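Order of the sequence lines sets the chain letters (A, B, ...), proteins ahead of strands, with each chain counted from 1. On a predicted model such as this, the values are computed, not experimentally measured, just so you know.
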Amino acid sequence: MVGHPQRPVAKAPKDIVKVNIADRQPVREIGFATENYTEPFVHFDFMRYLRNSVFVTAMATLITLLTNSMAAFALSKYKFRGRDFTMLLIVGTLMVPLSVILVPLYSVVSAVGLLDSLWGVILPTVATPTGVFLLRQYMLTIPDELLDAARMDNASEWQIYWRIVLPLAAPALAVLAIFSVVWRWNDFLWPLVVLSRKELYTLQVGLNTYAGELNVQWHYILAMTVVTMIPVVLVFVFLQRYITSGIAGTGLK
Amino acid sequence: MGRITLTNIDRAYGKVKILHDISLDVGDGEMLVLVGPSGCGKSTLLRLIAGLDRPTGGKIEIDGIDVTEVSAARRGLAMVFQSYALYPHMSVRQNLAFGLENIRMPKAEIDQRIAEASRMLEIAPYLDRRPGQLSGGQKQRVAIGRAVVRNPTAFLLDEPLSNLDAELRISTRAELAALHKRLATTMVYVTHDQVEAMTLADRIVVMRAGKIEQVGRPLDLYNAPANLFVAGFIGAPRMNLLPVKVRSASATQVDVDGPGGLSATVAVDGSALKPGDDATLGIRPHDIELSDGGKGAVEAHVTLAEALGPETVVHATIAGDNRLVAVLKHQGVETRGAPLSLVLPPERMHLFDSAGLRVASR
């Protein structure tokens, strides 16, 4: 995109330099710069960052689905004192943004020795109030008689959760899985805070290395941003049906 | 064996008492039907027997063993739910196998039991379908099948026929009766339909507002209802109840006067009654006859006549606002507003005292 033509430099102010107008060269040009895509793959450790991102996204999503569905099961199917208050408390944490709890969260992660580890990125993000709320609302629609029938069928409470409630909550789980993938893939601030070793960077943090203090290499940042968007776009293309039906079903936006 | 004994069962939700001091004995192999209007606590009682809910007081025993604190799974009972409660994400076969897999039964025995139950209930052709692909009647059979394969000590059925259409309900009712006969297993059956209760039960338990009103064989309840509630609940159309005054009472008979010149002598033990007492006279619609011009007839006015073919259901009033329903065994010519002479045979009359309790026969 950017050319560097030789500029004639005047030796003395009185000299007259004549330049043939036909010899001029363009300073800038427009064209496809595929090297912006290929260069980072060679110099920038793209594959390692991709692997980290995929690991974080996959593990965080799996654990999110497991823990959130367990919480939702308890909050929708068991009657205990303080159940509604607990639900309110969980949903209430939606009002607290990450930047507010960044410092205490950092201290906690540091204290348990998860700094500079991918698990330090994964674990604090797995309990999402949105996920608990979404799954609980869905599980409320599963009739209690099914659970009673399973109890008569000698099923333990774990089996009821694992073999009855989870399969029946599959549509809501799919929605949460999609949300979780998108959230974790796009996470930037928290991984940036936790990870300091370069080989642990996720894609989004890795891209940040192109933004220096004095110089931002926009051509690489923008090109790699396009690349990092591909998985999320694919998720939407293939699971769009679940997203729309899930959102319509839960009344969530 | 499948003998279930309830002793002084109470159930309260907070301060609201749902069941009051229920004591009941269900014999081995018996079909006991719990019947009552909705909200009377019959389903709650069934859930207590099943172990899905715990009583706040009292004791539940199965075959002499106290199971009050035993979990539902360990009581060895099987339940058929009103909504069938089939697992929608499993095939019919998996639905039947689920309870057996949970007790780690060998695969071969599970297959054998499923084959047996599916032959008995004729559900073999759709063992690999999901419940969503079945009709109501088929779902019903699968729900019963799921209980049958467990080979339980007793079946608990919670209004199993209420989601079926009228025709299917009658045929399924007959099949249930046949199934009970074949399996000879104790069944506790909850319904609000007194016809179901009458046709299926060995014994009926009539409940109202968390209390047992009467326990007895179907015809005993029909012929000798213990109180006004049972009298009105058992039998269709309901028993006619007329307010009367006691004219004279003795240990062998009671003379009463009622509306519309009604005067009758009922052969009951009236030693607890005094002349002038308020009482209620009951007579079933089928027992009322058309007068042949003789004495003792009551003058009524027809408000509606429903000709059903073999019989005519006549709705009438006597002396203004006392309603009376008579089922007359002929194709009637009664028209609205026409006067009608009816005979209420004294030997078919039931007498209830001012507290609503039956005045016993001699």
Side-chain angles (χ1 to χ4, degrees), chain A residues 65-66 68-70 72-74 76-85 134-177 239 241-242 245-246 248-250, chain B residues 13-14 43 46-54 70-91 94-105 110 130-132 139 142-147 149-160 163:
Chain A
L65 291 184
L66 190 71
N68 288 10
S69 61
M70 282 192 205
F73 176 54
S76 60
K77 290 297 167 199
Y78 292 116
K79 289 186 177 61
F80 53 89
R81 189 190 293 267
R83 180 176 86 158
D84 293 342
F85 180 73
L134 193 149
L135 291 177
R136 175 192 181 252
Q137 294 310 99
Y138 192 85
M139 286 180 189
L140 284 176
T141 64
I142 298 175
D144 286 342
E145 277 201 343
L146 275 183
L147 276 67
D148 284 340
R151 284 193 186 106
M152 296 300 292
D153 268 345
N154 286 298
S156 64
E157 295 303 307
W158 171 260
Q159 281 173 317
I160 290 174
Y161 161 72
W162 191 250
R163 294 197 55 188
I164 308 289
V165 173
L166 266 197
L168 291 178
L173 287 173
V175 174
L176 181 60
L239 301 176
R241 194 165 52 90
Y242 287 104
S245 69
T250 54
Chain B
Y13 292 101
S43 285
L46 197 72
R47 288 175 59 84
L48 291 179
I49 298 174
L52 296 170
D53 198 359
R54 295 271 189 282
V70 172
S71 73
R74 295 178 187 282
R75 294 192 186 187
L77 308 174
M79 187 154 168
V80 177
F81 293 85
Q82 185 175 4
S83 66
Y84 315 135
L86 299 174
Y87 313 121
H89 58 296
M90 297 184 191
S91 69
Q94 287 168 323
N95 263 284
L96 296 180
F98 185 71
L100 305 178
E101 285 166 3
N102 287 337
I103 52 170
R104 303 187 191 287
M105 183 179 280
I110 293 179
R130 296 274 176 92
K139 279 187 206 170
V142 175
I144 293 173
R146 189 169 64 178
V149 290
R150 296 265 316 279
N151 206 358
T153 43
F155 289 92
L156 309 175
L157 303 109
D158 189 2
E159 308 211 14
N163 282 342

* To do: With the side chain counted from C-beta on, respond yes when B:Pro88 and A:Leu146 share a heavy-atom pair under 4.5 Å apart, and no when they do not.
  => yes
* Asked: Given the rule in the side chain to side chain contact (heavy atoms under 4.5 Å, CB included) test, do B:Met79 and A:Asp148 qualify, once you have shown the distances and angles that lead to the verdict?
  -> CA-CA 9 Å; B:Met79 187 154 168; A:Asp148 284 340; over 6 Å; no
* Structure fact -> Distance col, row B:Met105:CE vs A:Asn154:CG, nearest 0.5 angstrom, shows 9.5 Å
* **Under 4.5 Å from any heavy atom of chain A - which part of B:Ala50** => both
* To do: Would you confirm whether B:His89, through its side chain, and A:Leu166, through its main-chain N or O, come within 3.5 Å as a donor-acceptor pair?
  => no
* Structure fact -> In terms of heavy-atom pairs under 4.5 Å with chain A, the winner among B:Glu101, B:Arg47, B:Arg74 is B:Arg47
* Asked: With a 4.5 angstrom heavy-atom cut-off, which part of B:Leu86 approaches chain A: side chain, backbone, both or neither?
  -> backbone
* Asked: Measuring heavy-atom distances to chain A, does B:Arg75 have an atom under 4.5 Å in its side chain, in its backbone, in both, or in neither?
  -> neither
* To do: Work out which heavy atom in B:Ala72 is nearest to a heavy atom in A:Met152; give both atom names and the distance.
  => CB-SD, 4.0 Å
* Locate the shortest heavy-atom distance separating A:Ala150 from B:Phe98; write the atom from each residue and the value. => CB-CE2, 4.1 Å
* B:Arg146 CZ to A:Asp153 CG distance, which is reported to the nearest 0.5 Å -> 5.5 Å
* Quick one: pull up CD in B:Gln94 and CZ in A:Arg163 and give me the separation to the nearest 0.5 Å. => 7.5 Å
* Where do B:Tyr84 and A:Glu145 land on the side chain to side chain contact (heavy atoms under 4.5 Å, CB included) test, with the steps shown first? -> CA-CA 8 Å; B:Tyr84 315 135; A:Glu145 277 201 343; over 6 Å; no
* When rounded to the nearest 0.5 angstrom, what is the spacing between CD in A:Gln159 and CG in B:Asn102? -> 4.0 Å
* Does CZ belonging to A:Phe80 count more than 12 external heavy atoms closer than 6.0 Å? -> yes
